[in-house]
Structure formats: C-alpha cells, structure tokens
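Proteins get letters first, then strands, A, B, ... in listed order; numbering begins at 1 in each. Quantities reported herein were computed from a predicted structural model and do not represent experimental measurements.
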Amino acid sequence: MSSLRIVTWNINSVRLRLPLLTGLIEALRPDVLCLQETKCPDELFPHEGLSALGFEHRAARGMKGYNGVAILSRVPFRVRGDDPDWCARGDCRHIGVDLDVPGGLELHDFYVPAGGDIPDRETNAKFAHKLDFIAEATAWNRARGPVKRSVLVGDLNVAPLEQDVWSHKQLLDVVSHTPVEVAALNGWQQAGGWYDALRHFVPPTEKLYTWWSYRARDWEASNRGRRLDHVWVSQDLAGQLRSFEVHKPARSWIQTSDHVPVMVEVSL
DNA sequence: ATGGTTGCAAGGCAA
C-alpha cells in the first residue's frame, strides 16, 4: 500500500445510517473510516454489517443515545488506550489508534462538544464544557510534544476561518464561530503542531463547508454551511498529502446526516 | 421573525 485514504463523518446514528455507508465507500473508497455521533452503546454496535462492508478491524466507544465515536479499518490497528477521560465525563468523544501501515501512523478520532446555544461559559454549562474540553485537548497535545506521523480527524464543532462559515459577521456571536472558540481551537492546533489538511487543498479565501443545518427549508439553495469537520496532520505528513474530497452529494442522500463525509489521502 | 428539523426513545433533550 502506497497511500492511505482516511474518511471522517459525523454519521448521526450509525445504526440508522448503516445502509448509507455503501454509497460512501463507493464514492470515497476509505481504507479507514472514522465516525462521530454513533449514538450507540458498544454492545449494540453493528459489527456484522461493518465487517460485511470490508472493515475487518473496528473499535467503538459509544453510549446510549448520545455522542460516540468509532474507527473502522481495512488495515489492522491497536487501540492506544492512553487517552484521558476528557472532562471526567466518560462521554465517549475520542478514540486513538496506532495503524499498522509502513512507518506506522497514529490516528485520533474526536467529537468535540457542540456547546449549546448561548456562547457564555457562566450561563451555559454546555459552552463551558466545550471550552474545557478544548483546553484539556490543548494541554494533552502540549504535554506530548509536537506530533509525528499522526492524523487527527473529527467533528471539532468549530469553524475557525472567515470562509469556514456562510457569513463571518452574522456568526460572530453564534456558537461554533465565536472568537473565543476560534482562539481555543487555534491554540489546540498550535499546541500539537498540527497542520490543517483541508486548507492545504482549499485556500482560506475560498468557502468550505462540511455541515448544513437540518432546519433550512432548502439547505442547498440557502447554502448556510459551516466547516465543523476537520482533518489535521502532523507537519511531517504535510508534504505527503495527495488528495481530498468533501463529499457534498452525501447531504442529499435519503435520510442522511447534517454533516458530509470528508476524505484525505496520505502517501505512506 | 426567535423559528426551523432530526435522532433517540418514548418525553424531552441535544444538536
């Protein structure tokens, strides 16, 4: 294998949308598929269906009704198991694995708290949780030193750049694009020495979205999107980036997620 | 204008 295709998708219920993965696999041909918001306890995780789709290696960390992440892979991996219990909540927002590829590759799948509606940590505990989570992740990366041969993906629930949202001005006070969240996310990225793989391919002057609300009458016509889903790579992999795709057609699939899958291909 | 939709799981919470 000369390259690895990694896909990340906030699937918003892995059991409900398992049938959609056939189309995702045809379109993006992932070697590794990272999911968020699986909303599925581990004992009910659809291992059989995912095995049938060719993902022989699977790790899931889920709970009843909310959150949940999973890594599904055609190549073997080992669950690292050295990750913290983020914010001491046991709420299933991260898995880290070591992929068994030439040279090795560390992969982290994150689901950052959405943060509720009011961007104020004093009056909104969910916003405080979001900021605390990112602060812990920043400290975690800082303590580990600059990352090497590593990839971090997931729904980070922050759209950091002006062109990551449909209207920078109108979203400045909307959770996901507030200056305090953007500063926190940038601090996390810098603490690990992470490199933004999607903006490697799409200049920061161009709009780029991975999420469109369910609440729009016509999501495509209004196009009020945000880039909430991210792929970060260590600096030593920046030159190894080969291709990417934000699979916008997935937003039109029947009974789909409000997020679309994102693929990045890395040379090994 | 303070909505609008979705999933889980069986009423309201979270997104």
Between [M] and [N], how far apart are the [atom1] atoms? Round to whole Å, please.
N: dA1(B); M: dT6(B); atom1: C1'; answer: 22 Å
N: dC8(B); M: dG4(B); atom1: P; answer: 22 Å
N: dA15(B); M: dA9(B); atom1: P; answer: 15 Å
N: dA10(B); M: dA14(B); atom1: P; answer: 15 Å

Side chain of [X] (C-beta onward), nearest among [options]:
X: N12(A); options: dT5(B), dG7(B), dA10(B); answer: dG7(B)
X: A114(A); options: dA14(B), dC8(B), dA15(B); answer: dA15(B)
X: S13(A); options: dA14(B), dC8(B), dT5(B); answer: dC8(B)
X: Y214(A); options: dA14(B), dA15(B), dT6(B); answer: dT6(B)
X: R93(A); options: dC8(B), dC13(B), dA15(B); answer: dA15(B)

In whole angstrom, give the distance that lies between atom [atom1] of [X] and atom [atom2] of [N].
X: R215(A); N: dT2(B); atom1: CZ; atom2: P; result: 15 Å
X: R15(A); N: dC8(B); atom1: CZ; atom2: P; result: 7 Å
X: I118(A); N: dC13(B); atom1: CD1; atom2: C1'; result: 15 Å
X: E37(A); N: dT6(B); atom1: CD; atom2: C1'; result: 10 Å
X: I11(A); N: dC8(B); atom1: CD1; atom2: C1'; result: 15 Å
X: D173(A); N: dT2(B); atom1: CG; atom2: P; result: 18 Å
X: D155(A); N: dA15(B); atom1: CG; atom2: P; result: 10 Å
X: R217(A); N: dT5(B); atom1: CZ; atom2: C1'; result: 12 Å

According to salt bridge (Lys or Arg N to Asp or Glu O under 4.0 Å), who are the partners of D196(A), at least two apart in sequence or on a separate chain? R227(A)
With a 4.0 Å cutoff (strictly under), does any side-chain N or O of R17(A) reach OP1 or OP2 of dG7(B)? yes
If the cut-off is 4.0 Å, is K64(A) near the phosphate of dC8(B), judged by side-chain N/O to OP1 or OP2? no
Using 30° and 60° as the class boundaries, would you call the ring planes of W86(A) and F133(A) parallel, tilted or perpendicular? tilted
State plainly whether the residues D100(A) and R78(A) are in salt-bridge range, i.e. N to O under 4.0 Å. no
Pair H200(A) + Y195(A): ring centers closer than 6.0 Å: yes
Centroid separation F110(A) to W140(A) less than 6.0 Å: yes
Between K39(A) and H259(A), the residue closer to the 5' end of DNA chain B by nearest nucleotide is K39(A)
On DNA chain B, does the nearest nucleotide to P113(A) precede the nearest nucleotide to G65(A) from the 5' side, or the other way round? Give the residue. G65(A)
Answer yes or no: does atom CD of Q235(A) have more than 12 heavy-atom neighbours from other residues, nucleotides or ligands under 6.0 Å? yes
